[in-house]
Amino acid sequence: MKSVSGHSGTGCSILSALQDLPSAPWPALRSKMEKHLQVISVLQWVISFLAMGAAGTVLLIYMFCTDLWVIAAMYTAWLIFDWNTPKQGGRRSSWVRNWTMWTYFRDYFPIRLIKTHNLLPSRNYIFGYHPHGIFSFGAFCNFGTEATGFSKKFPGIKPSLATLAGNFRMPVFRDYLMSGGICPVNRNSIDYLLSQNGTGNAVVIVVGGAAESLNCAPGKNSVTLNNRKGFVRLALQQGSDLVPVYSFGENDVYKQVIFEERTWWRLAQKRLQKIIGFAPCLFHGCGFFSSDSWGMVPYNKPITTIVGEPITVPKIEQPPRDMVDLYHAMYINSLTSLFDKYKTRFGLKESDILHIH
């Protein structure tokens with residue numbers, strides 16, 4: 001009996017001692033760990049976007065030169081067989097879209113999605129996303145994942161974020177993109193989603209594209225839109241409603257060197273943009289271990305994405321130019337009104353205007 005009571009007393013004394021330990025370091029340690037996980041989740045996406053496609057291609061070629069050539073051959077055969085899948089709705093994975101990693105990604109900035117109007121599941125939509133920024137973090141987080149609760153806020157609507165078609169020619173990276181519901185930004189892919197995939201589809205197009213990314217900088221509110229009418233023509237041909245979307249803070253997460261027009265560097269950027277499809281921007285964020293150093297990690301500035309009111313669009317298979325111009329003007333007015341309505345809530349002044357180029 002003495003032995004049992006002795007052990008019991010020791011156990012109680014240990015528990016008592018643990019309870020008496022100061023608890024302050026534990027929340028601090030947890031907060032620090034969460035911050036590191038947030039940085040890692042954002043950095044993995046940046047590195048994946050920049051290097052996964054090239055790394056996958058090099059690895060596949062290298063495997064053909066090793067004893068693993070059979071695996072490489074099997075994957076290449078599958079790649080050929082699966083080549084048109086991105087153009088036919090892709091291969092979306094709810095599991096991937098709901099990874100916990102994306103909540104850390106969201107909370108790093110943080111990123112928020114604000115709904116202003118209901119969207120009917122009986123209609124299809126084209127979302128115009130502005131501005132592009134460097135990596136379109138807001139577009140990816142809100143429409144390529146479920147981190148901000150898109151499906152709960154817009155029940156019955158399935159978003160498909162459109163990006164460069166060239167990304168879907170890259171082994172491994174193509175599958176990573178498709179798992180998030182990301183599709184090529186080309187006519188075949190968008191036509192399929194809006195005409196052969198039922199209703200309740202929302203194709204998200206970053207309208208300004210690579211050209212707009214060359215002009216993004218902290219505090220700058222400008223979009224490339226005046227000569228971008230292809231998405232309006234598509235909307236008319238498919239009878240899909242247009243929805244303006246603006247992300248406050250998208251331009252603030254990186255600092256970029258913007259070269260003057262007609263300079264050699266600017267001409268080189270535009271030339272490379274035409275060749276490779278995206279703009280080689282000269283930008284920097286902060287370092288992995290310190291916000292005071294330079295690096296690839298974006299600054300943790302808030303990004304708030306506002307989904308505006310849909311513009312009802314009729315279906316016209318061959319819309320005349322004046323009809324395209326009319327709905328393009330309506331879209332610009334709607335986007336400008338959306339910006340003006342919410343700008344003061346997110347750190348801008350009443351005098352700030354949206355510059356449309």
Side-chain angles (χ1 to χ4, degrees), residues 84 86-90 123-133 136 138-140 143-144 159-169 177 181-197 201-216 222-247 250 270 272-279 307-336 338-339 354-357:
N84 289 323
K87 302 176 186 177
Q88 299 171 350
R123 298 284 294 172
N124 283 327
Y125 302 90
I126 292 181
F127 285 19
Y129 183 89
H130 313 270
H132 185 286
S136 299
F140 170 71
F143 308 116
S160 297
L161 176 61
T163 188
L164 289 174
N167 290 325
F168 296 89
R169 303 187 187 103
L177 291 176
I182 300 175
C183 67
V185 62
N186 59 31
R187 180 64 181 268
N188 292 337
S189 175
I190 296 173
D191 277 351
Y192 180 90
L193 288 167
L194 297 177
S195 65
Q196 301 180 48
N197 202 40
N201 298 290
V203 177
V204 185
I205 301 175
V206 186
V207 178
E212 190 173 89
S213 67
L214 288 173
N215 293 313
C216 70
S222 64
V223 298
T224 301
L225 182 57
N226 279 335
N227 295 318
R228 302 295 174 105
K229 300 181 181 180
F231 74 106
V232 177
R233 184 178 298 277
L234 272 173
L236 284 163
Q237 289 173 338
Q238 298 297 339
S240 300
D241 296 346
L242 288 165
V243 181
V245 180
Y246 195 87
S247 273
E250 184 71 67
K270 290 185 174 181
L272 284 170
Q273 176 196 328
K274 291 181 179 179
I275 295 172
I276 61 180
F278 65 90
V307 179
E309 182 177 5
I311 301 168
T312 303
V313 175
K315 185 173 182 178
I316 306 172
E317 291 187 3
Q318 297 294 331
R321 178 178 293 182
D322 59 346
M323 184 68 73
V324 174
D325 291 342
L326 172 64
Y327 278 90
H328 184 258
M330 290 171 62
Y331 180 87
I332 289 177
N333 289 335
S334 183
L335 178 65
T336 303
L338 184 70
F339 177 86
L354 180 63
H355 298 278
I356 299 176
H357 303 289

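All residue numbers in this chain count up from 1 along the given sequence.
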Any non-hydrogen side-chain atom of [X] less than 4.5 Å from a side-chain atom of [Y]?
X: P314; Y: Y327; value: yes
X: R228; Y: E212; value: no
X: C216; Y: P131; value: no
X: I126; Y: L194; value: yes
X: Y129; Y: L161; value: no
X: V207; Y: V223; value: no
X: N124; Y: Q238; value: no
X: L335; Y: L225; value: yes

What orientation do Y125 and F127 show, parallel under 30°, tilted 30 to 60°, or perpendicular over 60°? perpendicular
Would you please classify the geometry between the Y331 ring and the H130 ring as parallel, tilted or perpendicular, with 30° and 60° separating the classes?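 Tilted: the ring planes of H130 and Y331 meet at 30° to 60°.
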Identify the heavy atoms of [X] and [Y] that sit nearest to each other, and give their distance.
X: L177; Y: T163; answer: CD1-CG2, 4.4 Å
X: P310; Y: D241; answer: CB-CB, 4.4 Å
X: L242; Y: P244; answer: O-CD, 4.0 Å
X: V313; Y: S240; answer: CB-O, 3.4 Å
X: Q237; Y: P319; answer: CG-CD, 3.7 Å

Any donor and acceptor pair, going by atom type alone, linking the side chain of R123 with main-chain N or O of G239 inside 3.5 Å? yes
Take L338 and V245 through the test side-chain contact (heavy atoms from CB on, under 4.5 Å) and record every step on the way to the result. CA-CA 8 Å; L338 184 70; V245 180; 5.8 Å; no
What's the spacing between [X] [atom1] and [Y] [atom2] if we round to 0.5 Å?
X: S222; Y: L354; atom1: OG; atom2: CG; answer: 8.0 Å
X: H328; Y: N333; atom1: NE2; atom2: CG; answer: 10.5 Å
X: H357; Y: N215; atom1: NE2; atom2: CG; answer: 6.5 Å
X: K87; Y: N188; atom1: NZ; atom2: CG; answer: 6.0 Å
X: S189; Y: I182; atom1: OG; atom2: CD1; answer: 11.5 Å

Neighbour count >12 (heavy atoms, 6.0 Å) for atom CG, N227: no
Residue pair F231, I190: steps toward the side-chain contact (heavy atoms from CB on, under 4.5 Å) verdict: CA-CA 10 Å; F231 74 106; I190 296 173; over 6 Å; no
Decide side-chain contact (heavy atoms from CB on, under 4.5 Å) for N226 and I332; before the verdict, give the C-alpha distance in whole Å, the side-chain angles of both, and the deciding distance to 0.1 Å. CA-CA 8 Å; N226 279 335; I332 289 177; 4.0 Å; yes
